[in-house]
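This structure is a prediction, so every number in the text was calculated from the model and none was measured.
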Amino acid sequence: MNTPAISETDLHAYVDGRLPPARAQEVAAWLEREPANVEALERVRAWRAQNQGLHALFDDVMEEPVPPRLAAFAVSAERRRPDSRGRIRTIETTEPAANAGWWRNASRYAAMLLLAVAGGIGGWVLHGAAEEGAMQWLPGLRSQMVAVAPITLARQAAVAHNVYSPDLRRPVEVGADQEQALVTWLSRRIGANVRAPKLAPLGYDLIGGRLLPGQSGPVAQFMYQDAGGQRLTLYVSRDQVQSQGTGFRFAQEGKVNVFYWIDGQFGYALSGGIPRNELSRIASSVYEQLEPVPRPAN
């Protein structure tokens, strides 16, 4: 019997553990069996690594109490959510049992919103919820997500840094000894010329880079290391939804500091576990070295 075609949706569901056992086994066998599926297997591994990084960065946040304003918004939205016939329900909250029910729902929805905005990789979860109508109480969700795109860039960069920089055996896909091949490969995959800034004068040598999955296409990550083993990563993305620049911005995700900026459709984020003032000095050097350049020839 032939295995049904494996779709991108199947891969996301497989990574999230949402497939029935039999289908999950089919997907696993398909990934390992076919040489042509190597790229899909790499994407699956990268998604899993990103999930692990997100848990490391945000699990503590999910245990925190829901902020009152966000909880109040969720409660108000829950009261307005239509039933299966399209009628707006009115939820009375005078009885203790009712209070407990709508508060649990409000807390759950608020947490879902927080995770979706903070993580930036809730594609499959939000996709499934939308199909079931569970997110109908969030009008304008897409515009809200677009509004936080620069913040999402910083968080994605921090997650990628948190996942790959501690790796002692294979922190990069292509080493600095093949820098030209690395730059050419990343440029062709992203569809625009990218470059690895020279940070040796600041004490950080390039050790290599890798290709990562972004929101709507591939992104590049360059990794640097100083003599003491401290690592920095430069995240380069073309997933941006706005064309105007943003100037330097700073974010902190757990122990990872990030300086990031948007230049046209490009987003850049420099991440590291070093003090803010030191990272700012290095980010300024990176900014000065990077300029928009034409798309490479095929």
Worksheet entry | Shortest non-hydrogen contact from G267 toward L153 | CA-CD2, 3.8 Å
Worksheet item: Do H161 and T233 have side-chain atoms, one donor and one acceptor, less than 3.5 Å apart?
Response: yes
Worksheet, complete the sentence: Taken to the nearest 0.5 Å, the spacing of R210 CZ from Q221 CD works out to 6.5 Å
Discussion item. Let me confirm one number: the OH-CE distance from Y164 to M223, rounded to the nearest 0.5 Å.
Written reply: 9.0 Å
Discussion item. Please find the pair of heavy atoms, one from Y224 and one from A196, that lie closest to each other, and give the distance.
Written reply: OH-C, 3.5 Å
Fill in: Side-chain heavy atoms of F222 within contact of V194, under 4.5 Å
yes
Item to complete: Give the intermediate values and the outcome of side-chain contact (heavy atoms from CB on, under 4.5 Å) for residues I274 and L232.
Response: CA-CA 9 Å; I274 61 177; L232 303 178; 3.7 Å; yes
Discussion item. Please check this pair: side chain of D16 against backbone of R18, looking for a donor-acceptor N/O pair closer than 3.5 Å.
Written reply: no
Worksheet entry | Partner of Y268 under side chain to side chain contact (heavy atoms under 4.5 Å, CB included), chosen from I262, V286, V236 | V236
Worksheet item: How long is the span from the OG1 atom in T152 to the OH atom in Y260, to the nearest 0.5 Å?
Response: 9.5 Å
Worksheet, complete the sentence: S285 meets the side-chain hydrogen bond (donor to acceptor under 3.5 Å, both in side chains) criterion, sequence neighbours left out, with Q289
Discussion item. Within the 4.5 Å heavy-atom criterion, are R238 and V219 side-chain neighbours or not?
Written reply: no
Worksheet item: Quick one: salt bridge (charged side-chain N to carboxylate O under 4.0 Å, His left out) partners of R189, sequence neighbours excluded?
Response: E39
Discussion item. Suppose we screen for side-chain hydrogen bond (donor to acceptor under 3.5 Å, both in side chains). Which residues come up paired with E8, at least two apart in sequence or across chains?
Written reply: R43
Discussion item. Between F248 and Y287, is the ring centroid distance below 6.0 Å?
Written reply: yes
Show me the donor-acceptor pairs within less than 3.5 Å that the side chains of residues 199-206 make with the rest of the protein, sequence neighbours left out.
none

Practice prompt. Identify whether NZ of Lys or CZ of Arg in R249 sits under 6.0 Å from the centre of the six-membered ring of F259 and within 45° of that ring's axis.
Written response: no
Would you tabulate the side-chain donor-acceptor contacts of residues 171-186 under 3.5 Å, counting partners in other chains and residues two or more places apart, or write 'none'?
residue	atom	partner	partner atom	Å
E173	OE1	L211	N	2.8
E179	OE2	K198	NZ	2.8
Q180	NE2	T184	OG1	3.2
T184	OG1	Q180	O	2.9

Discussion item. Please enumerate all residues that pass side-chain hydrogen bond (donor to acceptor under 3.5 Å, both in side chains) together with Q230, with sequence neighbours excluded.
Written reply: none
Item to complete: Applying side-chain hydrogen bond (donor to acceptor under 3.5 Å, both in side chains), name anything that partners R231, two or more places apart in sequence or on another chain.
Response: Q225
Discussion item. Any non-hydrogen side-chain atom of L290 less than 4.5 Å from a side-chain atom of W261?
Written reply: yes
Discussion item. My understanding is that only one of V258, L279, N257 makes a side chain to side chain contact (heavy atoms under 4.5 Å, CB included) with L270; could you say which?
Written reply: L279
Discussion item. I'd like to check the side chain to side chain contact (heavy atoms under 4.5 Å, CB included) partners of P275; sequence neighbours left out, ordered by chain and number.
Written reply: N277, E278
Worksheet item: Is the side chain of N162 donor-acceptor paired with the backbone N or O of V159 at a distance under 3.5 Å, no angle test?
Response: no
Discussion item. For a 4.5 angstrom cut-off between non-hydrogen side-chain atoms, does H12 reach Y14?
Written reply: no
Worksheet item: Distance-only, no hydrogens or angles: does the D263 side chain make a donor-acceptor pair with backbone N or O of F266 under 3.5 Å?
Response: no
Fill in: Residues in side chain to side chain contact (heavy atoms under 4.5 Å, CB included) contact with P166, at least two apart in sequence or another chain
none
Worksheet entry | Heavy-atom pair of closest approach, residues S271 and A158 | OG-N, 4.1 Å
Worksheet item: Where do L11 and I6 land on the side-chain contact (heavy atoms from CB on, under 4.5 Å) test, with the steps shown first?
Response: CA-CA 7 Å; L11 295 179; I6 306 297; 3.9 Å; yes
